[in-house]
> 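Can you read through this structure? Questions will come right after.
Order of the sequence lines sets the chain letters (A, B, ...), proteins ahead of strands, with each chain counted from 1.
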Amino acid sequence: MNDQYLNIESPERSETEKLILDRASRLQVPDGKTAGEALAMLKTRIAERGNNSPRLKKRDLKLVFWTASVAAALLVLITIWQVWSHSTLISVIAERGSHLEYRLPDGSRVFLNADSRISFSGRSFMKKRHLTLDGEGFFEIARGSTFTISTPNGDIQILGTSFNVFARDNSFTVSCLTGKILVSALGQTVTITPGETSMLSGESLVSYKNEDVKLSAKWIDGEFVFENSPVGKVFNEIERQFNIKFAPYRIKDKFFTGSFSNKDLQAALEIICIPLDLNYEIGSNGEIFITENPE
Amino acid sequence: MAGINQVEFDQVFMTWYKPLRNFVYYKTGDMQVAEDIVQDTFLKIWEKRDTINILTVKSLLYKIANNLFLNRLEHEKVSFNFVTEYQGNIFSSAPDFELEMKEFDRRLQDSLAELGEKERIVFLMNRIDDLTYSEIAGNLGLSVKAVEKRMSKALAYLKNRLSVKI
């Protein structure tokens, strides 16, 4: 017997022992909150206690106002400069309901998920590999100088690698599949290596080992994988993939674990709705209505 | 150096939340209780973050969680409702076998609930969380020898309860 694991295949193990060890390793603890949700909950509790959270003083507020004004003025200048200097700005857009694969001038490949766009300067891209991303993309970066991606929620610096970026609404999640990546947001910086994910959690940028890092890029094959995701997020992805709209719905907090394919809307809706005890109906104008099954 | 900052705290949380919650679940068999205890554990760590050393935070987490568990007033009888994965394709051709496995899994869960707590935790950390003996030893503040002992004790007990005809 070694230190690492019980050797299931060891010849002196009886059939019963082998069966016990094998079946026990297939047990899974019941679904609970994900670590991210639990952390968000804890932060709410900490904030409610109040005694530890720094409060903005009046003076600080004044400072914030002035800083904001100066920043706004700068922003106008920067925009003007950008419009001028990026007269050759190239935008690549994957519309709702479609995916797109694009090869950048340096040979790097980008897979854009539905409702996502990248833009970069046609003039200076080869000099300074920099692009902006809004939405979700999977990148395979060709070897060369540092490659930088800016998103509304944070920036990523890459040193030759493949990884997935999800930057929508308030979410910013970067998963590293190969190579090494520098992620920064809100003045914080972390380095992640293969098998690690970095995400914005409230005000801080954290990184952690992610067993399911490969799943983050499944969408390239048209498969969308969720682990304990609020159902609203899952419906948002459905809207983007099939270019449809859900009518406003009122349902209890529900969490979905599983996957759907972007090939068949009806099948996708069933996969999500049946286990969660929801009904769906497709209206004449294509809108989808979600209702909860009565208890 | 003493003290952990907020970013380090978040990292500690993301790294240790799941293993710690499973650890408490193996004690209680109640996911809701496990989640509550782990929330309270991290809250304590947060309150003491200025005096905590990041190098020893792991064993502190397990100790606090254990204490919070012991301090709970009601200790109900443990029973588990693990989720089991059946490999559909293999079993669909042999429905009898699937039924037999389901029955076996049910008995396995019942026997795990009867098994001594110390042995159960070590056994499940190894089987479900895939932790090595030395990792388990590190988390629980035990020697590797002690983990080995608990592991074989657990296996012997389960074998005794679950002798099957094959």
> List the steps, then state whether side-chain contact (heavy atoms from CB on, under 4.5 Å) holds for A:K43 with B:Q6.
CA-CA 11 Å; A:K43 295 233 157 137; B:Q6 182 170 351; 3.4 Å; yes
> For chain A, find which of B:L108, B:T15, B:V7 contributes the most heavy-atom pairs closer than 4.5 angstrom.
B:L108
> Check A:I20 against B:F104 and note the closest heavy-atom contact, atom names and distance.
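The answer is CG1-CZ, 3.9 Å.
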> Looking at every heavy atom in both A:V29 and B:N22, which two are closest together, and how far apart are they?
CG2-OD1, 3.4 Å
> Less than 4.5 Å apart, any side-chain heavy atom of B:D10 and any of A:M199?
no
> Considering residues, nucleotides and ligands other than B:K153, do more than 12 of their heavy atoms fall under 6.0 Å from its NZ?
no
> Looking at every non-hydrogen atom in both residues, tell me the closest pair between A:G32 and B:R21 and how far apart they are.
CA-NH1, 4.1 Å
> So which atom in B:M14 and which in A:A35 form the shortest heavy-atom distance, rounded to 0.1 Å?
CE-CB, 4.0 Å
> Counting only heavy atoms closer than 4.5 Å, note whether B:L43 contacts chain A via side chain, backbone, both or neither.
both
> If you count the non-hydrogen atoms of other residues, nucleotides and ligands that lie under 6.0 Å from NZ in A:K263, is the total more than 12?
yes
> Using non-hydrogen atoms only, which part of A:N210 is less than 4.5 Å away from chain B: side chain, backbone, both, or neither?
neither
> If you measure from OG on A:S14 to CG on B:L155, what distance do you get to the nearest 0.5 Å?
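The CG atom of B:L155 is 7.5 Å from OG of A:S14, to the nearest 0.5 Å.
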> Side chains of B:F9 and A:L42: closer than 4.5 Å at any heavy-atom pair?
yes
> CG/B:D129 to OG/A:S25 distance, rounded to the nearest 0.5 angstrom?
12.0 Å
> Taking atom CD of B:E35 and atom CE of A:M41, what is their separation to the nearest 0.5 Å?
7.5 Å
> So which atom in A:A24 and which in B:I128 form the shortest heavy-atom distance, rounded to 0.1 Å?
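So the minimum-distance heavy-atom pair works out to O-CG1, 3.8 Å.
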> Go through the atoms of B:L112 and report whether side chain, backbone, both or neither lie under 4.5 Å from a heavy atom of chain A.
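Contact with chain A: side chain only.
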> Could you measure the distance from the CE atom of B:M31 to the NZ atom of A:K33? Nearest 0.5 Å is fine.
9.5 Å
> Is it true that a side-chain atom of B:Q39 and a backbone atom of A:A38 form a donor plus acceptor pair closer than 3.5 Å?
yes
> Tell me which donor-acceptor pairs under 3.5 Å the side chains of residues 183-192 of chain A have, and how far apart each pair is, sequence neighbours excluded?
| unit_1 | atom_1 | unit_2 | atom_2 | d |
| --- | --- | --- | --- | --- |
| A:Q188 | OE1 | A:L205 | N | 2.7 |
| A:Q188 | NE2 | A:E203 | O | 2.9 |

> Counting only non-hydrogen atoms closer than 4.5 Å, does B:F80 touch chain A with its backbone (N, CA, C, O), its side chain (CB onward), both, or neither?
neither
> Measuring from A:R45:CZ to B:D40:CG, what's the distance to the nearest 0.5 Å?
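Reported to 0.5 Å precision, the distance equals 5.0 Å.
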> Going by salt bridge (Lys or Arg N to Asp or Glu O under 4.0 Å), name the pairs with one or both residues in residues 50-66 of chain B, residues two or more places apart or in two chains.
none
> Below 4.5 Å, heavy atoms only, C-beta onward: do B:L162 and A:L19 meet side chain to side chain?
no
